Amino acid sequence: MSIECTEAHILADQMNKELKGKTIINYEVQNSQQLQQKNFISKNSVLNQLIDRKILSVTSRGNTILVKLDNCWNIVLAPEYGGNISLYKPQTKLPKFHLKLDLQDVILTVSLTGIGCIQAVEDNLLKTNYLYNRDFSQILNPLETDFTFECFIERLNNKKQNIKAALVGKTAVIVGVSNSAFQDIIYRAKISPKRNTGILSIEEKKALYKAITQLIEERLEAGGKNQFTDLHGKPGLYVAKMGPNQKDQTCHICRSKIEKVNHGGGQVYLCPTCQK
């Protein structure tokens, strides 16, 4: 279960409200040796710089959460292929974690599942951090006000590639969308994952933009997708209209049997009748 832009936004907003102004008293890492060797988690010699730093703000863009600290330090968090960021009261029995931050009156834990990022980074090195550089960039963010139809179409028209590559990954025109949201978006827009953006009609592009904005709005209102839990352990309620949950099911629009195909480095579920 990937953390996408909606879930990262929910977590960052909650963290900013709960942690802004608090000072990191201590930290602890567990079960992190291999992740530190691969630099998914900063080494202890770097994490030591977090002690006595005050949290100034917490923001997100794309799948990445940026915790801004005083004295020119930051924490870059991206539990994008699954993971949890949770807040606890002191003396609480904690589940397994990779990083624990002790603040004055609360404990923050971060755990990763698969690939992700827990890194302490100085201001002058932020732009060399892959995930920060990828998400805090000039690429359109569907949660920001400049994500207009005109801007989206302009970027899309410059991409003559498969629709998945235009929405997910290194060449995408937007940040924060992974395979989970992609399947939902193109089902809503009634577009096949095999289509190329260069031959989409203006009506199909409008449908695609509408599908993205509606999905973002619905997932935020639902507190994130199901299988996601927020900072306080509350589960998200959004159930994807298309994806693995539709395995062996029929399309709720035309009643055709849902198909699964291998596409773009992953599995994609679709309706062969509705999505052309």
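A quick note: this is a predicted structure, and the numbers were derived from the prediction, not measured. Along the sequence shown, residues are numbered consecutively beginning with 1. What you see below is based on every heavy atom in this structure, not just the backbone, and it leaves out hydrogens, waters and symmetry mates.
When hydrophobic side chains of Ile, Leu, Val, Met, Phe, Trp and Tyr are connected at separations under 4.5 Å, Val175 ends up clustered with Ile139. Using a 4.5 Å cut-off between side-chain heavy atoms of Ile, Leu, Val, Met, Phe, Trp and Tyr, Leu237 forms no hydrophobic cluster with any other residue.
Heavy atoms of other residues, nucleotides or ligands lying less than 6.0 angstrom from NZ of Lys159 number more than 12. The neighbour count for Lys160 NZ, taken as heavy atoms of other residues, nucleotides or ligands under 6.0 Å away, does not exceed 12. Heavy atoms of other residues, nucleotides or ligands lying less than 6.0 angstrom from NZ of Lys190 number 12 at most.
Every residue was checked against the salt bridge (Lys or Arg N to Asp or Glu O under 4.0 Å) condition with Arg155, not counting sequence neighbours, and none meets it. Gln246 meets the side chain to side chain donor-acceptor pair (under 3.5 Å) test with no other residue; sequence neighbours excluded. Applying the side chain to side chain donor-acceptor pair (under 3.5 Å) criterion to Gln249, with sequence neighbours excluded, gives no partner residue. The side chain to side chain donor-acceptor pair (under 3.5 Å) check on Asn196 picks up nothing, with sequence neighbours excluded. In terms of the salt bridge (Lys or Arg N to Asp or Glu O under 4.0 Å) criterion, residue partners of Glu28 (sequence neighbours excluded) are, by chain and number, Lys100.
Counting only residues at least two apart or on different chains, the side chain to side chain donor-acceptor pair (under 3.5 Å) pairs with a member in residues 267-276 are Ser256-Thr273. The side chain to side chain donor-acceptor pair (under 3.5 Å) analysis of residues 33-42, with sequence neighbours excluded, yields the pairs Gln36-Asn44. Pairs engaging residues 164-206 under the ring-ring contact (aromatic ring centres under 6.0 Å, His included) rule: Tyr187-His252 [sequence neighbours left out]. Sorted by first and then second residue, the ring-ring contact (aromatic ring centres under 6.0 Å, His included) pairs with a member in residues 31-51 form an empty list; sequence neighbours excluded. A side chain to side chain donor-acceptor pair (under 3.5 Å) check over residues 84-94, counting only residues at least two apart or in different chains, returns the pairs Asn84-Thr229.
Just one of Leu231, Leu56, Leu101, Leu87 meets the side chain to side chain contact (heavy atoms under 4.5 Å, CB included) condition when paired with Leu19; it is Leu87. For the pairing with Leu77, the side chain to side chain contact (heavy atoms under 4.5 Å, CB included) check across Thr64, Val110, Leu131, Leu66 returns one residue only, Val110.
Counting only heavy atoms from C-beta outward, the side chains of Val177 and Ile212 never approach each other to under 4.5 Å. Using a 4.5 Å cut-off on side-chain heavy atoms (C-beta onward), Leu69 and Leu50 make contact.
The backbone N or O of His98 sits less than 3.5 Å from a side-chain atom of Ser32, completing a donor-acceptor pair.
Going from atom CD of Glu18 over to atom CG of Leu103 covers 11.0 Å, rounded to the nearest 0.5 Å.
Ring geometry for Tyr209 against Phe152 counts as tilted: the plane angle lies between 30° and 60°, on a 0 to 90° scale.
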